[in-house]
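Working notes for the structure below.
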Amino acid sequence: MNMDTLVSLCKRRGFVFQSSEIYGGTGSCWDYGPLGVELKNNIKRLWWRDHVQLRADMVGLDASILMHSAVWKASGHVDHFTDPMVDCRACQRRFRADKLDEAPWIHSCPAKKDTKFEVPGGEPCVHCGNRRTLCPECGKGQLTEPRQFNLMFKTFMGPVEEDAAVTYLRPETAQGIFVNFENVLQSMRLKLPFGIAQIGKAFRNEITPGNFIFRVRELEQMEIEYFVNPLDTVAGRPADEYWHEQWIEERRAWYRRYGIAAGNLRLREHGKDELSHYSKRTVDIEYRFPMGWSELEGIANRTDFDLKQHAKFSGKSLTYFDEERRTHVVPYVIEPSAGVDRSFLAFLADAYREEEVRGEKRVLLRLHPELAPVKIAVLPLLKKRDEIVARAKEIRTELARRWVTVYDDTAAIGRLYRRQDEVGTPFCVTVDVQTVGDPEKGEPGDDRVTIRERDSMEQIRVPVAELVRIFQELLGGQPWSSVVQRYPAQDRA
RNA sequence: GCGGGCGUAAUUCAGGGGCAGAAUGCCAGCUUCCCAAGCUGGACGUCGCCGGUUCGAAUCCGGUCGCCCGCUCCA
């Protein structure tokens with residue numbers, strides 16, 4: 001399976017379209033179609049339910065994307081990647097242009113017939129005005145023109161650009177949590193340890209976007225900032241280190257719970273030289289994507305860096321009063337930071353299967369039922385029989401009150417099943433002549449329908465009146481095998 | 001950003017200065033009592049975009065946008 005296959009399926013079946021496609025497409029932006037938005041919403045809903053609603057130590061937040069520009073100074077983002085950079089075409093090293101000629105350098109001057117002489121540090125050549133053009137490291141590569149490097153999207157708050165305050169589209173949702181730490185702490189009367197969760201868009205001017213929705217410039221994050229008391233010890237370990245481990249396991253288990261194969265997940269410890277400026281320890285959860293192992297989620301121990309920075313820049317006290325020790329502490333924070341789009345890609349890639357059935361290829365998405373965009377498809381076995389069509393539409397309406405349910409009668413039953421397989425619909429309900437009865441033969445209907453399961457293609461025959469209860473089981477976590485034995489099998493041919 | 005490859009129907013692709021093609025899919029009808037069945041009919045294209053060469057460009061040239069691969073980068 002390769003990425004092109006997934007991209008093609010996503011477009012053909014309404015999961016993901018390239019942004020602004022009719023204008024030739026916009027690099028690194030993608031739109032989620034009718035089925036894509038369902039899958040994406042399901043990912044976010046399950047994350048929120050499992051990590052916020054089901055836990056007593058978690059609360060949620062939805063901060064605005066635009067924030068005071070000082071936030072990004074405090075966070076350290078403004079000081080990174082805002083400099084003019086040049087690259088060496090030969091050895092590919094990258095330098096800050098304004099730092100390049102601080103030291104003296106050898107110059108071959110075009111204004112002096114290419115004679116070579118040393119230019120003192122800090123100045124361009126007095127004859128031609130050029131700055132250093134050869135790589136200071138390898139000594140032979142030509143340098144590119146300086147380019148402004150800013151990975152944050154700069155924007156203007158206010159209608160008149162010159163008067164407006166400059167700020168940035170947030171490059172991570174985390175800062176919205178840190179600046180609201182005090183608000184949440186006070187309004188919710190929380191005790192350490194506790195976490196604040198947020199799902200939202202973030203924007204990064206990535207140098208190299210690509211690999212479909214893996215690296216994009218507009219992305220959606222699911223982030224938790226889990227605050228712990230650095231003075232506490234849990235199970236013989238400092239609280240931050242204990243909770244870091246807890247969250248690594250919790251998050252890995254979450255991906256497993258919704259169907260990602262264990263062999264396609266691994267943990268990767270960041271090396272000391274690779275740690276971010278705020279991090280004491282970072283562990284990535286990596287997934288085996290079509291293009292190789294890559295980061296799905298990063299779980300960092302951000303220590304007290306962010307709260308301290310915001311306290312310093314805002315002048316506000318961002319501390320927690322430790323009643324027991326009668327002292328103020330700055331909490332440490334554990335940050336599980338997941339990408340919605342990357343999760344989407346991982347769940348999709350992991351679910352994709354091509355099987356051979358009766359000599360024909362069957363494409364299916366073995367999505368977990370809770371992730372599947374469509375839960376149930378109601379299909380008439382024959383569409384020329386009005387009673388069958390009418391009954392099927394009634395059943396769809398009833399089931400649609402609780403689950404995403406579709407009706408389709410535009411092909412023969414085999415094709416209808418395959419269509420649903422390809423978008424990952426876990427269950428099909430088929431209405432046949434027996435269901436509604438045959439007036440010509442004087443046969444009454446039994447008001448029973450077939451339920452067909454996606455992965456096994458097994459079928460059972462069940463009373464219509466029991467459909468809701470059965471799907472409550474099947475879509476509420478009960479395995480097919482526990483339901484199938486209570487009902488008679490339906491022959492397939 | 002550099003190097004290479006590629007943009008033709010919804011999808012996968014063929015065509016390579018002279019009528020725009022195939023398969024699959026899609027739509028309608030017939031048929032069919034459960035796994036891409038069959039038959040008949042149908043719709044679908046500014047050949048990515050802009051410009052140039054030419055009597056004539058999907059085809060050649062230049063630019064541009066997008067995608068893929070490699071390198072590089074990646075809070």
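Within every chain, numbering begins at 1; the chains are lettered A, B, ... in the order of the sequence lines, protein sequences first and strands thereafter. FYI, side chains are in, hydrogens and waters are out, and symmetry mates aren't considered; it's all heavy atoms of this structure.
A donor-acceptor contact closer than 3.5 angstrom links the side chains of A:S456 and A:E453. A donor and an acceptor atom, one from each side chain of A:Q459 and A:R452, are nowhere located under 3.5 Å apart. Side-chain atoms of A:E466 and A:Y487 form a donor-acceptor pair, as typed in the model, at a separation below 3.5 Å. A:D409 and A:Y407 form a side-chain donor-acceptor contact under 3.5 Å, judged by distance and modelled atom types alone. Side-chain contact of A:S8 with A:R13: a donor-acceptor pair under 3.5 Å is absent, judged by distance alone. Of the N and O atoms on the side chains of A:Q175 and A:S75, not one donor lies less than 3.5 Å from an acceptor on the other residue.
Pair assignment for B:U24: B:A10, on the basis of Watson-Crick or G-U wobble contacts that are both within less than 3.5 Å. The partner of B:C60, taking Watson-Crick or G-U wobble pairs whose two distances both stay under 3.5 Å, is B:G52. The partner of B:A36 cannot be assigned: no Watson-Crick or G-U wobble pair with both contacts below 3.5 Å exists in any strand. Nucleotide B:C74 has no partner under the Watson-Crick or G-U criteria, as no pair reaches both atom distances under 3.5 Å. With a 3.5 Å ceiling on both atom-pair distances, the Watson-Crick or G-U wobble partner of B:C67 is B:G5.
The gap from the P atom of B:U12 to that of B:G7 amounts to 12 Å, rounded to the nearest Å. On the C1' atoms, B:C73 is 24 Å away from B:U64, given to the nearest whole Å. Nucleotides B:A22 and B:U46 have their C1' atoms positioned 22 Å apart, rounded to a whole Å. B:C67 sits 22 Å from B:G62 when the P atoms are compared, rounded to a whole Å. Distance check on atom C1': B:G3 versus B:U11 gives 30 Å, rounded to whole Å. B:C26 sits 43 Å from B:G52 when the P atoms are compared, rounded to a whole Å. Taking atom C1' on both B:G18 and B:C60, the two are 15 Å apart, rounded to the nearest angstrom. Here the separation of B:G15 from B:C50, taken at their P atoms, is 25 Å to the nearest Å.
Along RNA chain B, the nucleotide closest to A:C29 and the one closest to A:I413 are compared, and the more 5′ of them pairs with A:I413. Each of A:K11 and A:D432 has a nearest nucleotide on RNA chain B; the 5'-most of these lies closest to A:K11.
Side-chain atoms of A:Q490 and base atoms of B:C34 include no donor and acceptor less than 3.5 Å apart. Donor-acceptor pairing under 3.5 Å, judged by distance alone, is present between the side chain of A:Y417 and the base of B:C34. At a cut-off of 3.5 angstrom, the base of B:C35 holds at least one donor-acceptor pair with the side chain of A:Q459.
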Checking A:V166 against A:K154 for the side-chain contact (heavy atoms from CB on, under 4.5 Å) test, could you report, in this order, the C-alpha distance in whole Å, the side-chain angles of both residues, the deciding distance, and whether it holds? CA-CA 7 Å; A:V166 169; A:K154 186 182 277 188; 3.6 Å; yes
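Note on A:S8: only backbone sugar-phosphate atoms sit closer than 4.0 angstrom, heavy atoms only; bases stay farther off. Using a 4.0 Å heavy-atom distance criterion, A:E21 is classed as making no nucleic acid contact. Across all strands shown, A:R362 has no heavy atoms under 4.0 Å from either base or sugar-phosphate atoms. When heavy atoms are screened at a 4.0 angstrom cut-off, A:S28 is found touching the sugar-phosphate backbone but no base atom. Residue contacts shown for A:S279 are absent, as no nucleic acid heavy atom lies under 4.0 Å away. No contact: A:Y23 has no heavy atom under 4.0 Å from any strand.
In this structure, A:R415 reaches the B:C26 phosphate: one of its side-chain N or O atoms is under 4.0 Å from OP1 or OP2. The side chain of A:S75 contributes no N or O atom lying less than 4.0 Å from OP1 or OP2 of B:A75. Side-chain N/O atoms of A:R358 include one lying less than 4.0 angstrom from OP1 or OP2 on B:C35. In this model, the phosphate group of B:U11 is not approached by any side-chain N or O of A:R13 to a distance below 4.0 Å at OP1 or OP2. Note on A:Q434: every side-chain N or O is 4.0 Å or more away from OP1 and OP2 of B:C33.
Cation-pi geometry between A:K40 and A:Y32 is met: the NZ or CZ atom falls under 6.0 Å from the ring centre, inside 45° of the normal.
Listed by residue number, A:N211, A:F212, A:R215 are the residues of residues 211-226 of chain A with a heavy-atom contact under 4.0 Å to RNA chain B.
Taking the side chain as every heavy atom from C-beta outward, A:I43 and A:L371 approach each other to under 4.5 Å.
Taking every side-chain heavy atom of A:Y278 into account, B:A75 is the closest of B:C34, B:A75, B:C26. The listed nucleotides are B:A75, B:U32, B:C27; the one nearest the side chain of A:T410 is B:C27. Distances were taken from every side-chain heavy atom of A:R419 (C-beta onward) to each of B:C27, B:U32, B:C35; the shortest belongs to B:C27. Out of B:C34, B:A37, B:A10, the shortest distance to the side chain of A:T450 is found at B:C34. Listed candidates were B:C33, B:U32, B:C35. Nearest to the side chain of A:V433 is B:C33. Ranking B:A75, B:C35, B:G29 by closeness to the A:K383 side chain, first place goes to B:G29.
Distance CG (A:L382) to C1' (B:U31): 10 Å, rounded to an integer number of Å. One interatomic measurement links the two molecules: CZ of A:F203 to C1' of B:C74, which rounds to 19 Å at whole-angstrom precision. Remark: P of B:G25 and CG of A:L416 are 13 Å apart, rounded to the nearest angstrom. We find that CZ of A:F427 is positioned 17 Å from C1' of B:C35, with the value rounded to whole Å. Here the P atom of nucleotide B:A36 and the CD atom of A:E356 are 13 Å apart, to the nearest Å. For the pair A:I22 CD1 and B:G45 C1', the computed distance is 16 Å after rounding to whole Å. Following rounding to the nearest Å, A:M291 (CE) and B:C74 (P) show an atom-to-atom distance of 17 Å. One atom, CG of A:D446, and another, P of B:C33, lie 17 Å apart when rounded to the nearest Å.
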Using atom types as modelled, flag every donor-acceptor pair under 3.5 Å from a side chain in residues 289-300 of chain A to any protein atom, sequence neighbours excluded.
from   : atom 1 : to     : atom 2 : distance (Å)
A:E295 : OE2    : A:G298 : N      : 3.4
A:E297 : OE1    : A:R251 : NE     : 3.0
A:E297 : OE1    : A:R251 : NH2    : 2.9
A:E297 : OE1    : A:Y255 : OH     : 2.7
A:E297 : OE2    : A:R251 : NE     : 2.9

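No salt bridge links A:E422 with A:R362; every basic N to acidic carboxylate O contact stays at or beyond 4.0 Å.
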